[in-house]
Amino acid sequence: MKIIQIAVGPNQVPLTGYLQDITGDGGIRNIRPTIVICPGGGYRFRSERERDPVALHFLSMSYNVFILDYSVQEAAKDLNPLLEASDALIKIREHAFEWMCDPTRIAIMGFSAGGHLAASLALLHKHPMLAAKQKIVDENNKPDAAILCYPVITGGKYAHEESLDWVSGKEASMRSLLSLENQVTKDASPLFIWHTVTDESVPVENSLQLAVNLQKAKVPYELHLFESGDHGLSMCTEEVGTPHEACRQWVALASNWLNNRFTHTL
């Protein structure tokens, strides 16, 4: 495995890549699908348990994996995290040959506030406000798929106020833009979403309201709800301190969904 790091976005935050070894007899199989992971943390910090343990899983499935240390707290305003995620995908596609990343099979994945960021790119990748700040050519910043884990979505009654305060800079117009249930169009990336019904930090209505509008726009999506479970479960294992046998199913469900979308076999 080769580990690389580059800087992306206006704040030049780190994008760390874990690239599979190239084998002499691998041929075309050396060209890998890729996933970019955005840990959660309310746009206040970036969770440790939603980064490397997740990365190791997708590495084991023969993906190239990147972790985005997007801007948080005061640095999260002015669309900075979205610009960083957008630039991350642009950079991966620019270096696709060098890094052996298939430019047609790049997913973004996020947890909680990181799920908000992943959803923001999946929904807003061609928004004029983004295009005005960044050179986008032929949708080279659009995820080919997105996985949202207990995501922050809505700015309404069920909002996670801390996340939206940080990412919007408490500006009403920016909060409206980043209330993502209202930003669904037919151009959205395909989405996999999971949530627990008993999540007290980010209510399940965040995912439900998004799914309703994805259905209306005829965007491909898959939604899984689990009867019980706290917020921030990550991989649902002892390793990350949140063992939950029932919710652990999300890992296989999301992996199979993404493999099927990318026609990826081990």
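Computed from heavy atoms alone, side chains included, the values below leave out hydrogens, waters and symmetry copies.
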- request: Before giving the answer on side-chain hydrogen bond (donor to acceptor under 3.5 Å, both in side chains), spell out for Thr242 and Arg49 the whole-Å C-alpha distance, their side-chain angles and the decisive distance to 0.1 Å.
  value: CA-CA 10 Å; Thr242 54; Arg49 69 183 180 197; 5.1 Å; no
message: I'd like to check Ser179 versus Thr154 (side-chain heavy atoms, cut-off strictly below 4.5 Å). Are they in contact?
response: no
message: side-chain hydrogen bond (donor to acceptor under 3.5 Å, both in side chains), that's the test. Do His57 and Ser255 meet it? Break it down for me.
response: CA-CA 9 Å; His57 168 74; Ser255 301; 2.8 Å; yes
query: Is there a path from Val251 to Leu225 through hydrophobic residues (I, L, V, M, F, W, Y) whose side chains come within less than 4.5 Å of each other?
result: no
task: With rounding to the nearest 0.5 Å, note down the distance linking CE in Met235 to SG in Cys149.
output: 9.0 Å
field: Residue list, salt bridge (Lys or Arg N to Asp or Glu O under 4.0 Å) with Glu162, at least two apart or on another chain
entry: Arg44
- prompt: Any idea which heavy atoms bring Pro53 and Glu48 closest together, and the distance?
  reply: CD-O, 3.8 Å
field: Cluster check Leu164, Leu180: I/L/V/M/F/W/Y, side chain < 4.5 angstrom
entry: yes
message: Using 0.5 Å steps for rounding, measure from the NE2 atom of His95 to the CD1 atom of Ile90.
response: 11.5 Å
Side-chain donor-acceptor pair present, Ser71, Asn80, cut-off under 3.5 Å: no
task: Measure the OG1-CD1 distance between Thr34 and Ile92 for me, rounded to the nearest 0.5 Å.
output: 6.0 Å
- prompt: What distance do His116 atom NE2 and Cys38 atom SG have between them, rounded to the nearest 0.5 Å?
  reply: 12.0 Å
task: Output all residues satisfying salt bridge (Lys or Arg N to Asp or Glu O under 4.0 Å) with Asp102, sequence neighbours left out; order by chain, then residue number.
output: Arg105
message: Is there a side-chain contact between Leu130 and Ser86 in this structure, where contact means two heavy atoms from C-beta onward sitting under 4.5 Å apart?
response: yes
message: Would you compute the distance between atom NE2 of His224 and atom OG1 of Thr196 and round it to the nearest 0.5 angstrom?
response: 14.5 Å
Pair Tyr43-Ser168, side chain to side chain contact (heavy atoms under 4.5 Å, CB included): steps then yes or no: CA-CA 10 Å; Tyr43 284 111; Ser168 70; over 6 Å; no
message: Centre-to-centre under 6.0 Å for Trp250 and Phe226, is that the case here?
response: no
- prompt: Considering all heavy atoms of both residues, which atom of Asp144 and which atom of Pro190 are nearest to each other, and what is their separation?
  reply: O-CD, 3.6 Å
task: Without swapping roles, check the side chain of Arg93 against the backbone of Pro103 for a donor-acceptor pair under 3.5 Å.
output: yes
message: Do His231 and Ser112 pair up side chain to side chain, a donor and an acceptor below 3.5 Å, judged on atom types alone?
response: yes
query: With sequence neighbours left out, which residue pairs that include part of residues 181-208 fulfil the salt bridge (Lys or Arg N to Asp or Glu O under 4.0 Å) condition?
result: Lys126-Asp187
field: Within one Ile-Leu-Val-Met-Phe-Trp-Tyr cluster: Val65 and Ile108, side-chain cutoff 4.5 Å
entry: no
Any side-chain heavy-atom pair of Trp99 and Ile4 under 4.5 Å: yes
- request: Decide yes or no for Ile3 and Leu19: does some side-chain heavy atom of the first lie under 4.5 Å from some side-chain heavy atom of the second?
  value: no
query: Taking the inter-plane angle between the rings of His264 and Tyr63 on a 0 to 90° scale, is it parallel (under 30°), tilted (30 to 60°) or perpendicular (over 60°)?
result: perpendicular
Pair Arg51 + Asp69: basic N to acidic O under 4.0 Å: yes
field: Transitive ILVMFWY side-chain link Trp194 to Leu253, under 4.5 Å
entry: yes
Side-chain heavy-atom pair Leu79, Met174 within 4.5 angstrom cut-off: yes
field: Aromatic plane relationship, Trp257 with Phe192 - under 30° parallel, 30 to 60° tilted, over 60° perpendicular
entry: tilted
- prompt: Any side-chain heavy atom of Ile193 within less than 4.5 Å of one from Leu214?
  reply: yes
Closest non-hydrogen atom pair, Leu89 against Ile106: CG-CG2, 4.0 Å
- prompt: Which atom names give the shortest non-hydrogen contact between Ala146 and Ala122, and what distance separates them?
  reply: CB-CB, 4.0 Å
query: Are the aromatic rings of Tyr18 and Phe58 close, with centres under 6.0 Å apart?
result: no
message: Using the rule given for side chain to side chain contact (heavy atoms under 4.5 Å, CB included), can you reason through Asp87 versus Gln134, listing the C-alpha separation, both sets of side-chain angles and the distance that settles it, and then say yes or no?
response: CA-CA 8 Å; Asp87 194 28; Gln134 194 170 65; 3.5 Å; yes
- request: I would like to know whether Leu124 and Leu177 meet side chain to side chain contact (heavy atoms under 4.5 Å, CB included); could you show each step before the answer?
  value: CA-CA 9 Å; Leu124 299 172; Leu177 173 67; 4.2 Å; yes
message: With a 4.0 Å cut-off on N to O distance, would you call Glu161 and Arg175 a salt bridge?
response: yes
message: Test your reading of the model: is there a side-chain donor-acceptor pair from Asn206 to the backbone of Val152, 3.5 Å cut-off?
response: no
- prompt: Looking only at heavy atoms, what is the nearest atom pair of Gly229 and His244, with distance?
  reply: CA-NE2, 3.8 Å
Glu98, CD atom: more than 12 neighbouring heavy atoms under 6.0 Å: yes
task: Please examine the side chains of Leu123 and Thr185, heavy atoms only from C-beta on, and report whether any two atoms are closer than 4.5 Å.
output: no
task: Answer whether the closest heavy-atom distance between the side chains of Val184 and Lys216 falls below 4.5 Å.
output: no
task: Please test Leu148 against Leu210 for side chain to side chain contact (heavy atoms under 4.5 Å, CB included), starting from the C-alpha separation and ending with a verdict.
output: CA-CA 11 Å; Leu148 312 182; Leu210 176 61; 3.7 Å; yes
task: Say whether, by atom type as modelled, one donor and one acceptor occur between the side chain of Ser207 and the main chain of His195 under 3.5 angstrom.
output: no
query: If you measure from CG on Leu15 to CD on Glu84, what distance do you get to the nearest 0.5 Å?
result: 10.5 Å
message: Ignoring hydrogens, what is the shortest heavy-atom contact between Leu258 and Ala107? Give both atom names and the distance.
response: CD1-CB, 3.9 Å
query: Among the clusters formed by ILVMFWY side chains lying less than 4.5 Å apart, do Tyr70 and Met109 turn up in the same one?
result: no
field: Asn141 side-chain N/O to His125 backbone N/O, donor-acceptor pair under 3.5 Å
entry: yes
